[in-house]
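Letters A, B, ... are given to chains in the order of the sequence lines, protein chains preceding strands, and every chain is numbered from 1.
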4 protein chains.
Amino acid sequence: MIGMPTKSQAAPNRKPPRHPPQQARSRRTREKLIEAAVECFERHGFDDTTTAMIASEAGVAVGTVYNYFTDKREIILELFEATDREIADEVIAQLDPASWRGSIDPRDRTRSLIDVIFHAQRLRPGIQRILWAQYFKDPEFREPFEALRNRIRVAIDAFIVAVDEAGLCRSGLDREMASFVVLNAVQWNSSQAFLNEDPAFRDAAADETAELVARYLFV
Amino acid sequence: MIGMPTKSQAAPNRKPPRHPPQQARSRRTREKLIEAAVECFERHGFDDTTTAMIASEAGVAVGTVYNYFTDKREIILELFEATDREIADEVIAQLDPASWRGSIDPRDRTRSLIDVIFHAQRLRPGIQRILWAQYFKDPEFREPFEALRNRIRVAIDAFIVAVDEAGLCRSGLDREMASFVVLNAVQWNSSQAFLNEDPAFRDAAADETAELVARYLFV
Amino acid sequence: MIGMPTKSQAAPNRKPPRHPPQQARSRRTREKLIEAAVECFERHGFDDTTTAMIASEAGVAVGTVYNYFTDKREIILELFEATDREIADEVIAQLDPASWRGSIDPRDRTRSLIDVIFHAQRLRPGIQRILWAQYFKDPEFREPFEALRNRIRVAIDAFIVAVDEAGLCRSGLDREMASFVVLNAVQWNSSQAFLNEDPAFRDAAADETAELVARYLFV
Amino acid sequence: MIGMPTKSQAAPNRKPPRHPPQQARSRRTREKLIEAAVECFERHGFDDTTTAMIASEAGVAVGTVYNYFTDKREIILELFEATDREIADEVIAQLDPASWRGSIDPRDRTRSLIDVIFHAQRLRPGIQRILWAQYFKDPEFREPFEALRNRIRVAIDAFIVAVDEAGLCRSGLDREMASFVVLNAVQWNSSQAFLNEDPAFRDAAADETAELVARYLFV
DNA sequence: TATGAATGAGAGTTCATTCAT
DNA sequence: GATGAATGAACTCTCATTCAT
């Protein structure tokens, strides 16, 4: 049994388990295809990327693409899900009160939240643009996008509740809307900040966004 | 400016405005085409709208579309310019300190700003989506878009300067970033609020956004 | 008004009047396409004829094919309808008792029936094979085929009734089934006879088929 | 024929029947594949059945299909041969004068002929259609098909000869064409009768077809 | 100017077949 | 023998754009 340590942790079981990746080669090809797709999308955008490009970039035949994905759109959906599950997990972990050791200063936590959301943008910035374009264009894309937003919003809400219970919220805060407003402010500031290449600008934007949120939430 | 007779002779191919009624019909056709395009874009999105659809919706032949626009993209560019000039003018007018009569209370002004940006969303919400999608997708589209954003940002900045000079800003405000952060917060909150059909929700979102901005800017 | 004699007899008005053939060029192109399709189908069969082949044979671009037909199948359907309306009209005219002048000898009439059905096969024999193949393969094709068969069957039935009323039928004839049985015997004998290239064979087959039917129907 | 020991050494690559059980499994797989193919062809037709479907229906991998058949067409050829050998054997056995015991009444024999051909239709009616379609479409398919038809025709001819020698044929019968005409009449009447689900209709059609043939052949 | 038939490059997608394991 | 991932030629169909009328 020595040498099969990864096996038991496998089986993530995506919706239709299209390919129970029995074979290592298969798994490898799928990864190559995703990587190739990312590369192509970043270079040409979604619409101007052809399946032939992706195949050639991955070093396989066109038909192979269709052994792994039903169509081009499924690739970008998968890409979105992979990218954003990662983001959401990180964000939500940061916001979880259970994870707060030592420092309970909500300003620190807020700063962490902003950092983690801003930080998430740094992953494949080219892809973020593609994903936003798709969000605005493709109604079917909107749904998983909103689902992600909602997960984050709920986490923000829980965070605010925790802060409030610690008596640190300003009085008169409309908790119902607060998470909505904060989420939007952070989401769009981070997106726009990362359309600017300058790291200093990005940092300054993160600082100010933190300030914006903190002044809104706390005493 | 009096009498420019030679000019029209110098450019012989420049439609001599011989028949104003024809010009009027021409303008009318152009408008019909734009309206038809809006209709189609809202229904099917930009990419899935064919020039044939637009022509048919406008009640003209395909060829006619190309008598008025060099290509499909020009239509949406024109659309963007029309839509957003409208928005920008309104927003900027509201923010101009010169327009403030009586009430100089910056909280009122902030609320006006938020209102006017939220209000802009109600214009052809389907088209806003299309424009955003185009913004993220088409590099050539980015430029005029950024230009617009920048006009608004500059106006916000001027507004903050005016407020600051009146001694009403909180100390330590990074004026450089403030307009960026505020613009983003307001822009995205209004966009997202208008994906919700409920007017009460939209109002509440506007209120909270105003609160967010006011707490950030003022003492 | 001189020189437009055909116009008033036009407008056959097919189901969706896809192309009210306003322009002569348009009508001409459509004809070219049909002819080209026949040519290609005869040479390569239906499935192995590509739309590109048809276009090239017709001397037009691929896209043009799709200006006139929604897809390849519509071409063969149209072809079937054109071919077989022609056949049916001829057959039914022959069988109509109202058309009998002078000779009322049912044997002559039967012979006419067989002749006209056999004769119909001589139109584009290559196409007949294609149509039969399609009949067996494509359920949607079966329907118009059966409709044609039924028109002929009804005509045969009327013919038998007329013969019967003239007291020329043999006694004990099951008129219910007779038209079915006769139709099948004639249809398949003519089809199979025309898979043989030899005209003499075809004639002999026609003779014997007439004999078969006459002995079955008459005293 | 005694002792051919060297032969098996001479053809070393010819699977030495070492393991009868494996051969049995092999035969079983082949049968599974044929059955699966029949199933698929009936459901989707020949062209729309993919080798992948057949493999999956048979519960084997695609590659396995190619271990048993050189290509897709070979499957249907084999199917044709199996189906129609069955039919032909039955038909020909019935028509063989040597099999006539007792009753030599040709009307009974005719009825047997019709019955046996009609009866053959009940075998996999879906497949019959597929085979006919292939017959009209694929020239290579035509040959074995014609061969079968010819075997039956020859048998019918022999039957007529026997009847004639017994002095029971009507005078003036063109024996050359008679078998052709009778074969077609029976073949197509049975095919069409079986497109109707009603057993009573089928029986009536068989009766009338028998009448048709009997009146044609006999005094 | 308006028309709408014609264009044709090029996209997405399929699937019979191969072959390394 | 069995497997199933990989192949890639080939097909259908689309649609922005042109241009003769």
To the nearest angstrom, the CZ-P distance between Arg30(C) and dA6(E) comes to 11 Å
Test your reading of the model: is there a side-chain donor-acceptor pair from Arg142(D) to the backbone of Tyr135(D), 3.5 Å cut-off? yes
Under 4.0 Å between a side-chain nitrogen and a carboxylate oxygen: does that hold for Glu35(B) and Lys32(B)? no
Rounded to whole Å, the CD-P distance (Glu74(A) to dT13(E)) equals 11 Å
ring-ring contact (aromatic ring centres under 6.0 Å, His included) pairs touching residues 29-64 of chain C, sequence neighbours excluded, are Phe41(C)-Phe46(C)
Whole-Å distance, Arg28(A) CZ to dA6(F) P, equals 11 Å
Here the distance between atom P of dC15(E) and atom CD1 of Ile54(D), to the nearest Å, is 12 Å
Every stem of 3 or more Watson-Crick or G-U pairs under 3.5 Å that DNA chain E joins, in order of first number, is E:2-21 with F:2-21
Whether each nucleotide of nucleotides 11-18 of chain F has a protein heavy atom under 4.0 Å at its base (B), only at its sugar-phosphate (S) or at neither (-) is summarised, 5' to 3', as SSBBBBBB
*asked:* Tell me whether Arg27(D) is salt-bridged to Glu31(D), with the criterion being a basic N under 4.0 Å from an acidic carboxylate O.
replied: no
* Verify ring pair (Phe, Tyr, Trp, His ring centres under 6.0 Å) between Trp132(A) and Phe145(A), making sure each step is shown before the conclusion. => CA-CA 9 Å; Trp132(A) 276 113; Phe145(A) 221 96; 5.2 Å; yes
Leu33(B) CG to dT1(E) C1', in whole Å, measures 13 Å
- Query: Does the Lys72(A) side chain pair with the main chain of Thr49(A), one donor and one acceptor, at a distance under 3.5 Å?
  - Reply: yes
_I'd like to know if Glu140(D) pairs up with Arg73(D) as an ion pair, taking the criterion as any Lys NZ or Arg NE/NH1/NH2 lying under 4.0 Å from an Asp or Glu carboxylate oxygen._
yes
It should be established whether Tyr68(C) places a side-chain nitrogen or oxygen under 4.0 Å from OP1 or OP2 of nucleotide dA6(E). yes
Closest heavy-atom pair, Asp47(B) versus Lys137(A), reported as atoms and distance to 0.1 Å, is OD2-NZ, 3.0 Å
- Item | Sugar-phosphate, base or nothing in reach of Val65(A), heavy atoms under 4.0 Å | nothing
Heavy-atom closest pair (Leu33(D) atom, Ala58(D) atom, distance to 0.1 Å) is CD2-CB, 3.7 Å
Check your understanding: Between dA6(F) and Thr29(A), is there an OP1 or OP2 to side-chain N/O distance shorter than 4.0 Å?
Key -> yes
